[in-house]
Amino acid sequence: MRMIFGLVLLAGLALAGGAVYMAKNYIGQYQTALAKERAARQKMVRTVPVFVVERSLKYGESITSEDVRQVSWPEDAIPEGAFTADNILFQDGETRPRYVLRAMEKDEAVLAIKVTEPGEEAGLTSRIERGMRAFAIEVDVASGVSGFLRPGDRVDVYWTGRIQGSNQDRSEVTKLIEAGVQLIAIDQTATGDVYGATVARTVTVSARPDRVGALAQAQATGRLSLSLVGADDDTIAEAVEVNQKSLLGLPEEQAAVEEKEEKVCKVIARNSEGVVEKIIPCRD
């Protein structure tokens with residue numbers, strides 16, 4: 001009887017030890033999983049719903065609610081001008097469409113600079129700032145910087161020609177007439193999505209009305225050439241004027257003023273008093 005009691009006691013102790021071991025192992029696994037979950041929660045980034053496009057959109061296309069969707073975007077990495085809950089892309093009751101100003105690829109965030117205001121067309125007029133005017137300049141592969149111009153670039157405009165009615169040297173003069181003028185279109189393209197070099201025939205610039213008059217006069221009386229300004233260059237070009245003599249380093253000569261002698265015509269006649277000189281009108 002004592003032997004049976006001892007065996008039962010030993011079996012109970014073994015089972016209790018196994019249960020304690022299993023419980024300790026389970027508790028350890030639970031604590032490990034809980035620590036991992038807490039660590040993952042600390043690394044979790046707060047997100048904000050942002051509108052992105054569902055498909056590729058080209059310049060001039062209309063954009064509707066079916067062309068966009070909302071995705072979770074990291075709050076500290078939202079692009080400037082993105083449409084969120086605080087900046088709704090399509091207001092309630094708004095029926096006027098928006099148009100694409102810059103091409104967008106699928107899943108790209110919709111930015112305010114890439115679409116028009118509701119009802120606003122995507123034409124060239126939307127790119128002209130208040131108080132400015134658009135003016136077209138004829139260019140070729142040489143004067144147009146070998147076709148590497150893009151809408152949005154800035155250029156310096158040089159005029160080359162002869163100054164009419166001047167008594168000075170009649171050689172051609174090249175002069176900087178406009179600095180840092182912004183291009184708003186190349187040929188009939190107003191979007192910056194142009195790939196590779198394109199030899200344009202005209203470029204359209206944005207200028208004040210008084211400077212448009214100067215550009216028109218310059219284009220009518222000489223040749224215009226463009227010089228591309230760097231994207232990060234905030235300097236303003238100084239006055240530039242070059243002629244053949246300054247180019248070659250020759251000294252400037254004072255223009256000689258020739259005094260035109262008055263031509264006097266005479267005729268010699270003989271009369272009773274002798275030989276007489278008589279002034280008469282000159283015949284060329």
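None of these values were measured; they are calculated from a predicted model.
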message: Let's go through Val203 and Leu149 carefully: what are the C-alpha distance in whole Å and the side-chain angles of both, what is the deciding distance for side chain to side chain contact (heavy atoms under 4.5 Å, CB included) to 0.1 Å, and is it a yes or a no?
response: CA-CA 9 Å; Val203 298; Leu149 299 176; 4.0 Å; yes
Excluding sequence neighbours, so at least two apart, what forms side-chain contact (heavy atoms from CB on, under 4.5 Å) with [X]?
X: Gln91; result: Ile88, Glu94
X: Arg55; result: Leu57, Glu61, Asp67
X: Val242; result: Val240, Ser246, Leu247
X: Glu117; result: Arg98, Glu120

Val50 reachable from Val53 in the ILVMFWY side-chain graph, under 4.5 Å edges |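 No.
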If Ile, Leu, Val, Met, Phe, Trp and Tyr residues are connected whenever their side-chain heavy atoms lie under 4.5 Å apart, and connections chain through other members, are Phe90 and Val52 in the same group? no
- Query: Salt bridge check: are Arg223 and Glu172 linked by an N-O gap of less than 4.0 Å?
  - Reply: yes
Is there a donor-acceptor pair closer than 3.5 Å between any side-chain N or O of [X] and the backbone N or O of [Y]?
X: Arg154; Y: Asp233; value: yes
X: Glu108; Y: Glu105; value: yes
X: Asp187; Y: Arg201; value: yes
X: Trp159; Y: Ala218; value: yes

As an exercise, state the distance from [atom1] of [X] to [atom2] of [Y], rounded to the nearest 0.5 Å.
X: Phe148; Y: Leu226; atom1: CZ; atom2: CG; result: 15.0 Å
X: Leu228; Y: Asp153; atom1: CG; atom2: CG; result: 5.0 Å
X: Asp140; Y: Thr202; atom1: CG; atom2: OG1; result: 12.0 Å
X: Leu224; Y: Leu215; atom1: CG; atom2: CG; result: 7.0 Å
X: Leu176; Y: Ser225; atom1: CG; atom2: OG; result: 11.5 Å
X: Met132; Y: Ile184; atom1: CE; atom2: CD1; result: 9.0 Å

Would you check if [X] and [Y] make a side-chain contact, meaning some heavy-atom pair closer than 4.5 Å?
X: Leu89; Y: Val68; answer: yes
X: Ile113; Y: Leu101; answer: no
X: Phe83; Y: Val115; answer: yes
X: Pro151; Y: Ile186; answer: yes
X: Val173; Y: Glu241; answer: yes

List the atom pairs, donor and acceptor, that lie under 3.5 Å between side-chain atoms in residues 69-76 and the rest of the protein, sequence neighbours left out.
residue : atom : partner : partner atom : Å
Arg69   : NE   : Glu54   : OE1          : 3.2
Arg69   : NH2  : Asp107  : OD1          : 2.5
Trp73   : NE1  : Ala77   : O            : 2.9

Determine the minimum heavy-atom distance between Tyr158 and Ser227, stating which atoms define it.
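That would be CE1-CB, 3.8 Å.
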Which atom pair, heavy atoms only, marks the closest approach of Ala179 to Asp156?
->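 Smallest interatomic distance, heavy atoms only, reads CA-OD1, 3.2 Å.
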When the side chains of residues 204-213 are checked against the rest of the protein, which donor-acceptor pairs come out under 3.5 Å, sequence neighbours left out?
residue : atom : partner : partner atom : Å
Arg208  : NE   : Asp210  : OD1          : 3.4
Arg211  : NE   : Glu178  : OE2          : 2.2
Arg211  : NH2  : Ile177  : O            : 3.3
Arg211  : NH2  : Glu178  : OE2          : 2.8

